[in-house]
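Shown next, in structure tokens, is the structure this report addresses.
Residue numbering restarts at 1 for every chain, and letters A, B, ... go by the order of the sequence lines. Note: hydrogens, waters and symmetry copies are ignored here, and every other heavy atom, side chains too, is used.
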Number of protein chains: 2
Amino acid sequence: MSIDPYSHTPVYVQLADLLRQRIESGELAAGANVGSEFRLAQEFGIGRDAVRMAIAMLRSEGLVTTSRGHGTQVRETPQRRQVELAPGSSVIARMPSGGERRALQLDEGVPVLEVHDPAGGVEVLAADEVELTRPA
Amino acid sequence: MSIDPYSHTPVYVQLADLLRQRIESGELAAGANVGSEFRLAQEFGIGRDAVRMAIAMLRSEGLVTTSRGHGTQVRETPQRRQVELAPGSSVIARMPSGGERRALQLDEGVPVLEVHDPAGGVEVLAADEVELTRPA
DNA sequence: TATGATTTGTCCGTATGTATA
DNA sequence: CTATACATACGGACAAATCAT
């Protein structure tokens, strides 16, 4: 699989799709380095801009994390703990605000669950650590 | 509030934080234009790259939408319909893959709800249109 | 401790295409 | 038709953070 610069789909989308496939197939395992921007640009014969945009896409999907001087790694997906949705409560999923992301130490691309209990209380949970359940 | 190019936090993150605050405080209301990339770059004395990355971050958080020739607007907060979580089912929230986002025609920054019913069926819902409930 | 290599962050320039006002 | 504005894409250059030696 390679990249077609004459395709209607943008080069950076093609690269993001390609890397996403490598991640989901396990070819790039959790913790693995995706490769430097320079190396990816050379490997696929594209510019660094396109590589950066592709990586940014994967970050916003919660698939990778990037740190300066270190590179981009495939995110470890934490074990989800089961949380029972209490009777009379409701929940919405959304992206966290900047303050929430820092307070909960969330990576980019990780949604939050906003749980409202009948008493009016609100709890915000990292969505990638939780599986909501309702007993049969 | 302004931007410190010598801070250890990237300029584009600082700009995203600043604009996010203006949006959440209501200073930039729903539907309002956040200003062109060129104007923002000049106003804060930063480069195009940083502005574009900041806007891309806000898009990936579902706060704004961008359209060609028109600019970037603050996103309207969507109406949510109530969906009852059926007994014996479970749900996780995550960001959609690129293919899912295209298939479901989701804006950037909109999580999905993956609902598993007891029979083994799976349903994927746009998280910004749904409020999950469990009756008392 | 210090130095250099690697990698991302940021700036800038240029170009073409497309959608909107 | 023109001007504005974003989308995509290439290129170069330097700064700053991290890591290995």
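Look at C:dT1: it lacks any Watson-Crick or wobble partner with both distances under 3.5 angstrom.
Each of B:Asn33 and A:Gly45 lies near DNA chain D, and the nucleotide nearest B:Asn33 is the one positioned closer to the 5' end.
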Between side-chain atoms of residues 46-56 of chain A and protein atoms elsewhere (two or more places apart, or another chain), which donor-acceptor pairs fall under 3.5 Å?
from: A:Arg48; atom 1: NE; to: A:Glu37; atom 2: OE1; distance (Å): 2.7
from: A:Arg48; atom 1: NH2; to: A:Glu37; atom 2: OE1; distance (Å): 2.8
from: A:Arg52; atom 1: NH1; to: A:Glu37; atom 2: OE2; distance (Å): 2.9

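Dashed line: the shortest gap from a side-chain N or O of A:Tyr12 to OP1 or OP2 of D:dA9 is not under 4.0 Å. Distances shown here put every side-chain N or O of A:Arg48 at or beyond 4.0 Å from the OP1 or OP2 atom of D:dC10.
Between D:dA5, D:dA9, D:dA7, one nucleotide has an atom nearer to the side chain of B:Glu37 than all others, and that is D:dA7.
Here D:dA7 presents its P atom at 13 Å from CE of A:Met57, a figure rounded to the nearest Å. One interatomic measurement links the two molecules: CZ of A:Arg52 to P of D:dG11, which rounds to 16 Å at whole-angstrom precision. Rounded to whole Å, the distance from CG on A:Asp49 to C1' on D:dT8 is 9 Å. Summarising the geometry, the separation between CD1 on A:Ile55 and P on C:dT8 is reported as 7 Å, rounded to the nearest angstrom. Atom pair B:Met53:CE and D:dC6:P shows a separation of 17 Å (rounding to whole Å applied). Atom CD in A:Gln73 sits about 11 Å away from atom P in C:dT7, given to the nearest Å. Rounded to whole angstrom, the span from the CZ atom of B:Phe44 across to the C1' atom of C:dC11 amounts to 18 Å. With rounding to whole Å, A:Asp4 atom CG is found 14 Å from D:dA9 atom C1'.
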Atom pairs under 3.5 Å, N or O on each side, protein against nucleotides 15-20 of chain D: can you list them with distances?
from: D:dA16; atom 1: O4'; to: A:Arg68; atom 2: NH2; distance (Å): 2.8

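Annotation: salt bridge (charged side-chain N to carboxylate O under 4.0 Å, His left out) contacts of B:Arg94 (sequence neighbours excluded): B:Glu100, B:Glu114.
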Just do the side chain to side chain contact (heavy atoms under 4.5 Å, CB included) check on A:Ile23 and A:Val64 with the steps written out, would you? CA-CA 9 Å; A:Ile23 292 171; A:Val64 301; 3.8 Å; yes
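Note on A:Glu129 versus A:Arg81: salt bridge recorded, some NZ/NE/NH1/NH2 to OD/OE distance being below 4.0 Å.
Applying side-chain hydrogen bond (donor to acceptor under 3.5 Å, both in side chains) to B:Asp128 and the options B:Arg75, B:Gln79, B:Arg80 leaves one that passes, B:Arg75.
No hydrogens or angles considered: nothing links the side chains of A:Arg20 and B:Ser97 as a donor-acceptor pair under 3.5 Å. Side chains of B:Arg134 and A:Ser89: a donor-acceptor N/O pair is absent below 3.5 angstrom, by distance only.
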